[in-house]
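Worksheet for the structure shown next.
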Amino acid sequence: MSENKDFLRVIVDEDLKKGKYEEVVTRFPPEPNGFPHIGHAKSICINFGIAKDFKGHCNLRMDDTDPTKEDTKYVEALKDAVKWLGFDWGENVYYTSDYFPKLYDYAIKLIKMGKAYVDSLNEEEIREYRGTVTQAGKRSEYANRSIEENLDLFERMKRGEFKDGEHVLRAKIDMSAANMKMRDPLLYRIRHAHHYRAGNEWHVYPMYDFAHCLSDYIEGVTHSICTLEFENNRDIYDWVLDTLELKPPRPYQHEFARLGINYTVMSKRKLLELVQNNYVNDWDDPRMPTIAGYKRRGYTPESIINFCDQIGIAKANSMVDVSQLEFCIRDDLNKKVPRVMCVLDPLKVTIENYEGEEEIDAPYYPHDVPKEGSRVVPFSKVVYIERDDFNENPPKGFYRLTPEQPVRLRHGYIISCKEVIKDDKGNITEIIAQYYPESKSGSDTSGIKVKSAIQWVSETYAKKVELRLYDRLYKNEAPQEVEDLNPNSLKIIKDALIEPAVIEEKKDERFQFERQGYFYADPIDYTDEKPVFNKIVSLKDSWAKKVQPSENKTKKDNKSNQKQEVKKEIIHGEAEPLTKEQETLFLKYTKELKLNNEVSNILARDEKLSSFYEETLKELNSPVTLANIIANDVAKQLKEKTIEELKFTTSEIVELIKMLDEEIISTKIAKQVFEEMSEKGGKPKQIVEDKGLIQISNPEVILPIIEEVIAKNPENLEKFKNGNTKLLGFFVGQVLKATAGKANPKVVNELVEKELNK
Ligand code: ATP
Ligand code: MG
């Protein structure tokens, strides 16, 4: 366990030291109504992780109290996920449904104590009677029923004598409690439905608030860790356990922040919709944020666990950038997997002066990886290279093959272009090239300078493979609806060409296809006849591919000798280790300035970016916001331009971020202003004024828009009133949309919440 304990581990540690419990017992309690997602991975890591750290135990419990949505296939998916992540739940999987008889007995006990009653108000009346945040509720007249009558009715509810909704069992607590959840919460409801496990025996099913605390108690759980939205339920949790006067020790509930990731949705209900409506192939579609999806895509359990460690445990909800997860998988695979060559978009190259064939021995791993092994790469007269590694009219900074510029075939020889052959439409169909016999990699005495090495395959021996290139599932950072899905989230390449050893030797399941990314042999569709690889993640954010070699160029132009030329074979996009100076910067950014790893990595590796960043920091102490815009947006600009060519200055970026920090503009508007600044230049303040982009924070302007949105969506309003509080996000999204992103999201959030609860 690390020295810096999170707040949950601090609590557990103190409880054990105080002797409150002998052993820590946690539980991971999913409802088997869908496949687990990366948010569940966080919960799994916390619950199983704490149990492991304190030498206790973590139960896997299916919280299966809703017969209409649950299924054994989800139980299996949950077990798979926990196992795959490397955790062990011991001998038994627990099921809340196994406790139905015990829970029923506890309910009887509450009735006998006069602490629970059968209510016969309908759903709407129950809601009305509950009151509002500012108004006390009133108790139902049925609360006066005698204990005998309650016992009789409850027994008959169980036997199935009444219709759904005719009666409910409620706790008798306090109809004027400030915590609305404590206003006589429902304990049981009637459901005439088949339960996937308990069969048709039951006609009443316990509510979460009753079942959860008691299941924890029955299992001897000590720390019941859940997400923040259950904060207000904690009072019921305590009330049930205390009122029943159970033999100690009893469990206590502790809450942590839910994980949210951008460019995806994270709720089983929404994910189920994607599956049911065929927007994705299934729950394990590699674009899904499900654990099965990540597994199929080729993520490793280690990378997901590292990610969960990195994001930490906090008490405030936040959105984590998906690039942080991508960083973790890259970081894991970088040192682990063999590197091979695959050509995605082949362009034929005939080497005029080469005859015969030869076998080139090429290492699978770069020298700084402590792994060994090599394969034979066959070389022959006709090879294929990546179409975009040749450019007839190269832009400045193009370091690969051109009519004037030679290039190295990775692990092989240097070639130069002699002739470009085109079809009638002007498309390049073939390159006639020349090779230099003395330039073989490792024994190069040719003295020819190249600026990069590219991947290639031999026509005679290459194998055809299908590649599935995955991108983000949604095009929006905070997607709301299916319209936000990214239409390009899957691209299939049917005829990529790969070197034969990959298929014949099967050194691993995961590979780095040099300069292309990390790939995984699809565990289901891959066959020797038709190999299929899924793209796990690219090597780097695309901007880095271009920036890095130009840096090397400036360094090497100064002193140029034979030895350095060999080193010049920079594989684009390959994650090189950080230099000393870069490492220092990286540490400063992560530790002092509290930037996330991905952003720190981007900034530290690039001198142009880091100096730009440092310059802005002198003017404004807003390290995180500045870093984000510089690592993302400024970086994109610097892909094509030098700092001098930029249309904006560091001071102007500072001015922009100030407006953002002061909430004069929203993030969305900031992006818009930035675009204008980079295309045409101009002072951010002026742009905002000219275009009328100032953020709207005035409630008087926002309220009518909210009212209109609510009026247009009566069904969702109804669902919200019935307890689907997640729809808050929907309404907020609609209002923001209606104002073209100009409304202040914080204000909108507050107002919408108020209006919905009216
Ligand atoms: P969903 O809305 O996706 O169905 P849920 O909270 O209803 O999520 P459960 O199956 O009840 O899902 O969750 C099991 C456990 O996982 C709970 O303890 C829950 O708090 C936790 N959990 C669910 N989603 C997240 C998340 N995004 N981040 C962290 N923990 C989560
Ligand atoms: Mg749920």
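All ligand and atom numbering here is 1-based and tracks the order in the structure. Basis for what follows: all heavy atoms, side chains included, without hydrogens, waters or symmetry-related copies.
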Numbered atoms of ligand 1 (with element) below 4.0 Å of [X], judged on heavy atoms:
| X | answer |
| --- | --- |
| Ser43 | 15 (C), 16 (O), 18 (O), 21 (C), 30 (N) |
| Thr227 | 19 (C), 20 (O), 29 (C), 30 (N), 31 (C) |
| Pro29 | 14 (C), 18 (O) |

Donor-acceptor pairs under 3.5 Å, side chain of residues 71-79 to any protein atom, not counting sequence neighbours: which ones?
from	atom 1	to	atom 2	distance (Å)
Asp71	OD1	Lys73	N	2.9
Glu76	OE2	Lys79	NZ	3.4

Subject >> Backbone N/O of Ser97 and side chain of Asp64: donor-acceptor pair under 3.5 Å >> reply: yes
**OP:** If the plane angle is over 60° it's perpendicular, under 30° parallel, otherwise tilted; pick one for Trp283 and Phe35.
**Re:** parallel
Can you confirm, on distance only, whether ligand 1 has an N/O atom lying under 3.5 Å from any N/O atom belonging to [X]?
| X | result |
| --- | --- |
| His40 | yes |
| Phe256 | no |
| Ala257 | no |
| Glu31 | yes |

Original post:
Considering Lys268, His37, Glu229, Met62, which one's heavy-atom position lies nearest to atom 7 (O) of ligand 1?
Top reply: Lys268
Subject >> Pair listing, salt bridge (charged side-chain N to carboxylate O under 4.0 Å, His left out) test, anchored in residues 205-218, at least two apart >> reply: Arg27-Asp216, Arg61-Asp216
Original post:
Should Asn476 and Tyr263 be marked as a side-chain contact (heavy atoms from CB on, under 4.5 Å) after you check the CA-CA gap, both sets of side-chain angles, and the distance that decides it?
Top reply: CA-CA 6 Å; Asn476 295 10; Tyr263 297 100; 5.8 Å; no
**OP:** Consider only side-chain N and O atoms of Glu124 and Asn122, and report whether a donor and an acceptor are under 3.5 Å apart.
**Re:** no
